[in-house]
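Worksheet for the structure shown next.
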Number of protein chains: 2
Amino acid sequence: MTGYSHQKRFLVAVDCIIFGFDGQQLKLLLIQRGFEPEKGKWSLMGGFVEKEESFEIAAGRVLHKLTGLENVYMEQLYAFSDPVRDPIERTASITYFALIDINQYKHQISKDYHAEWFQLNKVPKLIFDHTEMVEMAKEKLRYKAALHPILFELLPEKFTLPQLQVLYEGVYDATFDKRNFSRKVLSTGLLVKQKEKEKESSKRGAFYFKLDKRKYKTKFDAFLNFIPNPHKLK
Amino acid sequence: MTGYSHQKRFLVAVDCIIFGFDGQQLKLLLIQRGFEPEKGKWSLMGGFVEKEESFEIAAGRVLHKLTGLENVYMEQLYAFSDPVRDPIERTASITYFALIDINQYKHQISKDYHAEWFQLNKVPKLIFDHTEMVEMAKEKLRYKAALHPILFELLPEKFTLPQLQVLYEGVYDATFDKRNFSRKVLSTGLLVKQKEKEKESSKRGAFYFKLDKRKYKTKFDAFLNFIPNPHKLK
DNA sequence: CCAAAAGTGTTGCCGTTACACCCATGA
DNA sequence: TCATGGGTGTAACGGCAACACTTTTGG
């Protein structure tokens with residue numbers, strides 16, 4: 001016996017919801033689909049799962065193909081399985097969301113896919129159920145970032161407190177008091193102050209911080225509490 | 001064109017991690033697998049996804065077949081995809097965890113599958129990667145129940161505060177102060193005190209409570225905070 | 001010297017914890 | 001009447017939110 005003979009077999013794809021932060025705004029990387037159906041329409045980057053590949057490996061491969069990056073934070077989001085979500089042939093899609101530092105991203109590679117970064121509130125119409133996937137990913141990002149320090153995955157190695165605050169404010173579409181914010185993040189003990197300052201965005205300059213990688217790993221599951229208060233939402 | 005011609009197609013199964021509460025303990029429902037390979041070994045209840053079925057529908061069907069229940073709380077857990085997780089043929093497994101009131105469960109149906117309830121700390125060796133699935137489900141249950149009132153899905157319509165406390169203590173393997181516990185749950189406004197008492201388990205009797213279903217739906221995403229303090233862990 | 005952003009402390013409030021006694025009842 | 005489990009109040013503490021002024025420096 002070489003298989004479970006009478007069962008139906010399916011196509012399985014992975015799709016990546018790729019978030020990036022450019023120092024100002026949280027963005028989403030989309031491509032223009034290169035084959036039919038829906039050729040030329042905006043779409044998440046995806047690909048079929050190959051024969052000897054786990055979904056995780058497939059998602060990493062797809063992400064690498066578009067961005068040139070490896071060792072990126074990725075997390076399985078959800079398995080989408082509506083039998084008619086792809087009109088050509090039934091295809092399940094296992095989605096992954098990825099967080100990348102936009103500055104490390106290689107722009108030239110993505111030209112092949114006609115890729116572009118979009119502001120989160122300016123995402124165009126997407127093919128199939130990709131809009132739903134993006135919405136779910138945004139929600140999960142907010143949920144998870146309220147409890148775990150994952151947003152650091154979006155930042156370069158050195159970053160300033162004002163940059164970090166802009167990022168959190170972007171994710172939650174809220175504004176925070178900078179005194180309370182800095183006290184809260186510093187109280188986690190995850191940040192190490194550097195001697196240099198970032199002098200681009202202000203005259204006085206803001207001190208750089210680095211993540212304490214050892215503590216980051218051990219405290220990743222320690223619950224934080226970055227959920228904005230309802231009355232502070234913009 | 002009737003498909004994406006050169007891509008590999010896979011078998012896809014769903015497996016259900018079924019939690020139940022009997023008033024005393026949180027338990028897991030397992031079956032003795034009825035076909036090769038690993039026939040007769042302990043396993044999660046599962047089944048192949050059929051041609052026109054979404055994963056959600058398939059998981060519901062599988063759960064119904066074993067328990068006779070419908071409208072059960074179910075949630076997608078994770079897609080497991082190691083290419084060699086099933087030795088006979090590559091099969092991905094989309095897992096769902098379910099929470100049921102053990103008293104509503106129809107014992108006679110499950111006899112066909114040689115099903116049995118196991119205490120969480122006495123789960124036998126399981127086939128394939130099912131042990132890993134169970135571990136992930138336990139962790140997710142703890143995580144989610146710390147933030148959302150999902151544990152009510154394990155209780156009958158009417159329940160007492162002592163019963164509820166036993167449930168939370170079982171899930172977190174911790175003990176709570178009953179005064180603080182009752183204040184906390186009542187402060188959510190989700191519970192409605194009944195006039196009748198439950199008189200089986202004590203002489204004095206304990207008042208029944210019901211869920212306020214309207215508030216349950218609207219406040220489901222309001223974060224609670226049932227995470228036990230580290231120093232209270234047994 | 002002035003505009004623009006960085007940086008820093010204190011106070012009040014509220015939610016959480018710790019803790020102990022009385023109540024109702026069946027046997 | 002006594003043993004068993006149910007039910008309740010208060011005080012201390014700690015964490016969080018609100019809030020405003022000083023510092024630095026490039027132009």
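By convention in this document, chain letters (A, B, ...) are assigned in the order of the sequence lines, proteins followed by strands, and residues within each chain are numbered from 1. This is a predicted model, so every value here is computed, not measured.
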Can you tell me how far [atom2] of [N] sits from [atom1] of [X], to the nearest Å?
X      : N      : atom1 : atom2 : value
A:Q165 : C:dA5  : CD    : P     : 13 Å
A:D177 : C:dG9  : CG    : C1'   : 12 Å
A:F207 : C:dA5  : CZ    : C1'   : 14 Å
A:K199 : D:dG27 : NZ    : C1'   : 13 Å

Classify the side chain of A:R204 and the base of C:dA6 as holding, or not holding, a donor-acceptor pair under 3.5 Å.
yes
Check: D:dG7 base within 3.5 Å donor-acceptor of B:K178 side chain
yes
Return whichever of A:R183 or A:G205 has its heavy-atom-nearest nucleotide of DNA chain C closer to the 5' end.
A:G205
Residue pair A:K203/A:K193 against DNA chain C: nearer the 5' end by closest nucleotide is A:K203
Below 4.0 angstrom from OP1 or OP2 of D:dT25, is there any side-chain N or O of A:K197?
no
For the aromatic rings, using the six-membered ring if either is Trp, is the centroid distance between B:F80 and B:Y78 under 6.0 Å?
yes
For A:Q32, does the CD atom have more than 12 heavy-atom neighbours from other residues, nucleotides or ligands under 6.0 Å away?
yes
Do other residues, nucleotides or ligands put more than 12 heavy atoms under 6.0 Å from B:E200 CD?
no
Salt-bridge present (A:E135, A:K138; N to O < 4.0 Å)
yes
Taking only the side-chain heavy atoms of A:R179 (C-beta and beyond), determine which of C:dT8, C:dC19, D:dG6 contains the nearest atom.
C:dT8
